[in-house]
Amino acid sequence: MASACPPAASTQPALPSGPTIFKTIPYAFILPEILCGTWVWILVAATSVSFPLLQGWVMYVSLSSCLISLLLLLSYLFGFHKNSENWRVLDSLYHGTTAILYMSAAVLQANATIRSEFSSNSPLHYQLNCAASFFAFVTTFLYILHAFSIYYQ
């Protein structure tokens, strides 16, 4: 006698595609990551870059992360992932790595902000650097949330 066993259900939930990604945690973090990251590089670009080595790294991390996250968002929107488990791993590795890179960029931007308080003639540049530091830390927090929620999902 053969017993009819139903196939084991997948423990991993299906990857969202289309507009449902904006309602599903952790994928709902992608759009705020892009928006806050865009604010970082706009604000850094608006200042007089007094410390090109520090703020150059901030610009590189924020701009490249923004573009890659935009490509990831579009791939989820259009369903390019085809519910593959490899996309979960890619998403987790990307957001974990980017969280580390963004943390280094946020610390360097905070350092540039502190230095610009004493060396800048214009208070506007200091305020722009403060805003860029704030958004850099917010973006770092969003990338950390995304990476951990993918990991624990």
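The first residue of the sequence shown is numbered 1, and numbering continues consecutively from there.
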- Query: Which pairs pass side-chain hydrogen bond (donor to acceptor under 3.5 Å, both in side chains) with one or both residues in residues 35-47, sequence neighbours excluded?
  - Reply: none

- Spacing of Gln55 atom CD and Leu43 atom CG [to the nearest 0.5 Å]: 11.0 Å

- Query: What closest approach, in Å, do Val58 and Ala105 show between heavy atoms, and which atom pair accounts for it?
  - Reply: CG2-O, 3.2 Å

- side chain to side chain contact (heavy atoms under 4.5 Å, CB included) with Thr139: of Cys36, Ser62, Cys66, Pro32, only one passes, and it is Cys36

- Query: side chain to side chain contact (heavy atoms under 4.5 Å, CB included) with Thr113: which residues, sequence neighbours excluded?
  - Reply: Gln109, Tyr126, Asn129, Cys130, Ser133

- Under the side chain to side chain contact (heavy atoms under 4.5 Å, CB included) test, which residues partner Phe29, sequence neighbours left out? Ile25, Pro26, Glu33, Leu142, Leu145, His146, Ser149

- Rounded distance (nearest 0.5 Å) linking atom CH2 of Trp87 with atom OH of Tyr76: 6.5 Å

- Message: Which heavy atom of Val107 sits nearest to which heavy atom of Phe137, and what is that distance?
- Response: N-CZ, 4.1 Å

- Can you list the residues that meet the side chain to side chain contact (heavy atoms under 4.5 Å, CB included) rule with Leu71, with sequence neighbours excluded? none

- Task: Kindly work out whether a path of hydrophobic side-chain contacts (I/L/V/M/F/W/Y, heavy atoms less than 4.5 Å apart) joins Leu53 to Met59.
- Result: no

- Note on the structure: Tightest non-hydrogen contact, residues Leu128 and Ala46, listed as CD1-O, 3.8 Å

- Non-neighbouring partners of Tyr94 that pass side chain to side chain contact (heavy atoms under 4.5 Å, CB included), sequence neighbours left out: Ser65, Ile68, Ser69, Leu72, Thr98, Tyr143

- Can you list the residues that meet the side chain to side chain donor-acceptor pair (under 3.5 Å) rule with Ser104, with sequence neighbours excluded? Trp57

- Query: Same hydrophobic cluster for Tyr60 and Ile34, using side-chain heavy-atom links shorter than 4.5 Å among ILVMFWY?
  - Reply: yes

- Note on the structure: Members sharing Val89's hydrophobic cluster, built from side-chain contacts under 4.5 Å between Ile, Leu, Val, Met, Phe, Trp and Tyr, are Leu93

- Item | hydrophobic_cluster_shared for Ile30 and Ile100, side chain cutoff 4.5 Å | no

